[in-house]
A.B. asks: 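Have a look at this one.
Residue numbers run from 1 in the order of the sequence given. Each ligand, and each atom within it, is numbered from 1 in the order the structure gives.
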Amino acid sequence: MTMSTLTKMTAPPSSAYKIVDVPEAYAEVIKRHGIPGTFVSSSEQESPWVPFGPNAAIRHLLFDTRHNIFSNILWMRSAGVIGTHKHRGTVVMVCLEGSARYLEYDWVAGPGSFIYETPGLVHTLVSDNPDGVKLFGWLQGPLEFYDDKGNFVETIDVWWFINHYESYCREHGIPINKQLYI
Ligand SMILES: [Fe+2]
């Protein structure tokens, strides 16, 4: 982008601190068929850390059963390994804290790092950091997990993630948060 296009830029158009009504030709259709957005605060009452193996936990944020999409924060509490897995869909991740890498690649993700994973990738997530890692993830499609001999173990998808969240809530008397389901 050149300086001249920068100086011509007019958006964002306002500094007005107010809610503004905007024209919408299909407001009535959106009202009937639109799906509201969602919000989950950082409160553990709204979504608890659910153990994922002995060294990790998952904080579930969103389940979309139409598209097999699930979003969450994966927390490895200290250095450790998440098993080898194969993707059948796409994943977007951002590292929030700590650091992690895949044994198959030569980079290390730290706070602010962006990771994009595509169908067919097979890799093994590790953290060498004594403080572990927190990774925000937006995942679409199933993941297949394999043992250290390459034998298939389990497929995890939106149904697995919903069951993971709801089983823990039931066992601990935590109300199911409808905001997680879109
Ligand atoms: Fe992955």
A.B. asks: Is a side-chain N or O of Glu46 found less than 3.5 angstrom from the main chain of Val40, in a donor-acceptor match?
C.D. replies: no
A.B. asks: Please state the angle at the Fe ion (ligand 1) spanned by OE1 of Glu117 and NE2 of His87: what is it, rounded to 10 degrees?
C.D. replies: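 About 80° at the Fe ion (ligand 1).
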A.B. asks: Work out which heavy atom in Pro119 is nearest to a heavy atom in Arg88; give both atom names and the distance.
C.D. replies: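 Shortest heavy-atom contact: CB-C, 4.1 Å.
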A.B. asks: With carbon and hydrogen excluded and only N/O/S kept, which atom of His85 is nearest the Fe ion (ligand 1)?
C.D. replies: NE2
A.B. asks: Establish, yes or no, whether a centroid distance under 6.0 Å links the rings of His164 and Tyr168.
C.D. replies: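 Judged by ring-centre distance (under 6.0 Å), His164 and Tyr168 do not meet the cut-off.
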A.B. asks: For this output row, return yes or no: ring centroids of Phe70 and Phe63 closer than 6.0 angstrom.
C.D. replies: no
A.B. asks: Starting from the Fe ion (ligand 1), look over the N/O/S atoms of His123 and name the nearest one.
C.D. replies: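 Restricting His123 to its N, O and S atoms, the minimum distance to the Fe ion (ligand 1) goes to NE2.
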